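The structure appears right after this line, and notes come after that.
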Amino acid sequence: MIVKNIKFKNNKVEIILDEKTFAISKENYIENPLAIDSNIDDKKIEELLSKEKVIAAKIELIRMLNRKVLTECEVYRYLKDKELVHKEIHEIINNLKTIGLINDDYACDILISMLMGKRKGRLEIIKTLKEKRICENIIYKNIENIDEETYAD
């Protein structure tokens, strides 16, 4: 198949081939540029569309993380539900951990504060955090940091 034309519309790039047309994000196009009159095979198209699925899941996840704190395990489950490959999931998680959007220590601290606000005891807090699959070392480190006066109130 030959690339006949490339059109930029909003945040998408429309790739017009001699046999069909498809659209990808500008981010995907920058990473995988195409030229007019170049040849493209079905494998390359599938690669581009697969990358598009990863980018869309990542954008949706970042929007969710802006509203709500999620643990690494919760993020993994969310991405698994998006039917991404294991390698792609770990790539996204590592990227988000690097920029600080996924931090189990921070999530644990926020969850403890929230649960204490709901008048939950230490054992119930620990149980809830374990259900969210937060590492026990992180749980007990944050539980030890609970101010006794705040806890007593």
Side-chain angles (χ1 to χ4, degrees), residues 1-118 120 125-143 145-146:
M1 288 181 267
I2 297 173
V3 178
K4 292 292 186 185
N5 200 357
I6 299 171
K7 294 181 183 178
F8 294 88
K9 293 183 177 181
N10 299 328
N11 288 330
K12 293 287 185 180
V13 178
E14 186 178 18
I15 312 294
I16 302 166
L17 306 174
D18 52 355
E19 295 178 16
K20 61 181 174 180
T21 302
F22 65 96
I24 58 174
S25 65
K26 287 183 180 178
E27 179 182 346
N28 196 355
Y29 181 74
I30 290 170
E31 288 180 20
N32 305 291
L34 297 170
I36 295 175
D37 293 330
S38 63
N39 285 325
I40 186 170
D41 59 357
D42 287 331
K43 184 178 179 186
K44 180 69 174 175
I45 294 171
E46 189 64 37
E47 224 176 85
L48 289 169
L49 294 176
S50 175
K51 181 72 174 172
E52 195 60 32
K53 197 164 96 172
V54 171
I55 291 169
K58 187 176 177 182
I59 290 169
E60 195 175 323
L61 180 61
I62 289 171
R63 285 187 185 133
M64 187 184 306
L65 288 168
N66 282 330
R67 293 187 314 257
K68 179 181 177 182
V69 175
L70 297 174
T71 66
E72 185 176 339
C73 184
E74 290 171 320
V75 170
Y76 182 85
R77 285 188 201 134
Y78 173 80
L79 293 173
K80 193 79 170 162
D81 290 344
K82 294 289 180 185
E83 299 175 4
L84 297 178
V85 179
H86 186 73
K87 179 185 170 196
E88 296 169 337
I89 292 172
H90 282 288
E91 180 183 319
I92 291 171
I93 287 175
N94 288 334
N95 184 298
L96 294 176
K97 283 170 82 174
T98 302
I99 60 176
L101 288 176
I102 299 175
N103 183 338
D104 279 358
D105 195 34
Y106 176 73
C108 184
D109 192 40
I110 295 295
L111 290 166
I112 288 172
S113 298
M114 182 189 73
L115 292 167
M116 283 180 54
K118 292 181 177 181
K120 304 294 181 186
I125 291 172
I126 291 170
K127 178 183 171 222
T128 302
L129 295 174
K130 283 182 178 179
E131 287 172 358
K132 292 194 174 277
R133 301 218 185 233
I134 295 176
C135 175
E136 286 190 21
N137 295 338
I138 294 172
I139 293 171
Y140 289 112
K141 182 185 84 168
N142 282 303
I143 289 289
N145 292 337
I146 293 175

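Because the structure is predicted, anything quoted here is derived from the model rather than measured.
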(request) Can you label the angle between the Tyr76 ring and the His86 ring as parallel, tilted or perpendicular, going by 30° and 60°? (result) perpendicular

(message) Between Asn10 and Lys12 (side chain of the first, backbone of the second, donor and acceptor by atom type, cut-off under 3.5 Å), is there such a pair?
(response) no

(message) Filter on ring pair (Phe, Tyr, Trp, His ring centres under 6.0 Å), then keep only pairs touching residues 40-65, sequence neighbours left out; what's left?
(response) none

(message) If I take atom SG from residue Cys73 and atom CD from residue Glu131, how far apart are they, to the nearest 0.5 angstrom?
(response) 11.5 Å

(message) So, using side-chain contact (heavy atoms from CB on, under 4.5 Å) as the criterion, who are the partners of Val54 when residues are at least two apart?
(response) Leu84, Glu88, Ile92

(message) Please determine whether side chain to side chain contact (heavy atoms under 4.5 Å, CB included) holds for the pair Leu129 and Asn142, giving the CA-CA distance in whole Å, both sets of side-chain angles, and the decisive distance to 0.1 Å.
(response) CA-CA 11 Å; Leu129 295 174; Asn142 282 303; over 6 Å; no

(message) So, taking the atom named CG in Asn137 and the one named SG in Cys108, what distance separates them when rounded to the nearest 0.5 Å?
(response) 11.0 Å

(message) Checking Tyr29 now: which residues fulfil ring pair (Phe, Tyr, Trp, His ring centres under 6.0 Å) with it, not counting sequence neighbours?
(response) Phe8

(request) Drop me the distance from Asn94's CG to Ile99's CD1, to the nearest 0.5 angstrom. (result) 11.5 Å

(request) Only counting residues at least two apart or in another chain, list the ones meeting side-chain contact (heavy atoms from CB on, under 4.5 Å) with Lys9. (result) Lys7, Glu14

(message) Contact between Ile134 and Leu111 at the side-chain level, heavy atoms closer than 4.5 Å - yes or no?
(response) yes

(message) Any non-hydrogen side-chain atom of Leu48 less than 4.5 Å from a side-chain atom of Leu34?
(response) yes

(request) Walk me through it: do Arg133 and Thr71 pass the test side chain to side chain contact (heavy atoms under 4.5 Å, CB included)? (result) CA-CA 8 Å; Arg133 301 218 185 233; Thr71 66; 5.8 Å; no

(request) Please round to the nearest 0.5 Å and tell me the distance separating atom CD1 of Ile125 and atom CD1 of Ile139. (result) 11.0 Å

(request) Output yes when a side-chain donor or acceptor of Lys132 lies under 3.5 Å from a complementary backbone atom of Leu70, and no otherwise. (result) no

(request) List in chain and number order the residues that pass side chain to side chain donor-acceptor pair (under 3.5 Å) with Asn28, two or more places apart in sequence or in another chain; answer none if no residue qualifies. (result) Asn32, Glu52

(request) Mind checking the CD1-CD1 spacing from Ile45 to Ile15? Nearest 0.5 Å is all I need. (result) 9.5 Å

(request) Using the salt bridge (charged side-chain N to carboxylate O under 4.0 Å, His left out) rule, collect all pairs that involve residues 53-69, keeping only residues at least two apart or in two chains. (result) Glu60-Lys82

(message) Listing request: all ring pair (Phe, Tyr, Trp, His ring centres under 6.0 Å) pairs with a residue in residues 98-118, at least two apart in sequence or in separate chains.
(response) none

(message) Less than 4.5 Å apart, side chain to side chain, heavy atoms only: is that true for Ile62 and Leu96?
(response) yes

(message) Taking atom NZ as the centre, does Lys26 end up with more than 12 heavy-atom neighbours from other residues, nucleotides or ligands that are less than 6.0 angstrom away?
(response) yes

(message) Are more than 12 heavy atoms, taken from residues, nucleotides or ligands other than Arg77, located less than 6.0 Å from that residue's CZ atom?
(response) yes

(message) Could you measure the distance from the CG atom of Leu17 to the CZ atom of Phe22? Nearest 0.5 Å is fine.
(response) 5.5 Å

(request) Tell me, please, which residues at least two apart from Asp18 pass side-chain contact (heavy atoms from CB on, under 4.5 Å). (result) Met1, Ile2, Lys4

(request) Just jot down the side-chain contact (heavy atoms from CB on, under 4.5 Å) partners of Ile30, sequence neighbours excluded, or say none. (result) none

(request) Give a yes or no answer on whether the side chain of Asn95 reaches the backbone of Glu91 with a donor-acceptor pair at less than 3.5 Å. (result) no

(message) Is there a side-chain contact between Lys141 and Asp105 in this structure, where contact means two heavy atoms from C-beta onward sitting under 4.5 Å apart?
(response) yes

(request) Please name the pair of heavy atoms, one in Ser25 and one in Ile55, separated by the smallest distance, quoted to 0.1 Å. (result) OG-CD1, 3.7 Å

(request) Can you establish whether the number of heavy atoms outside Asn11 located under 6.0 Å from its atom CG is more than 12? (result) no

(request) Could you name each residue pair satisfying ring pair (Phe, Tyr, Trp, His ring centres under 6.0 Å) that touches residues 31-54, not counting sequence neighbours? (result) none

(request) Keeping to residues at least two apart or across chains, list the ring pair (Phe, Tyr, Trp, His ring centres under 6.0 Å) pairs with something in residues 30-72. (result) none

(request) Scan residues 37-46 for pairs that pass side chain to side chain donor-acceptor pair (under 3.5 Å), counting only residues two or more places apart or in two chains. (result) none

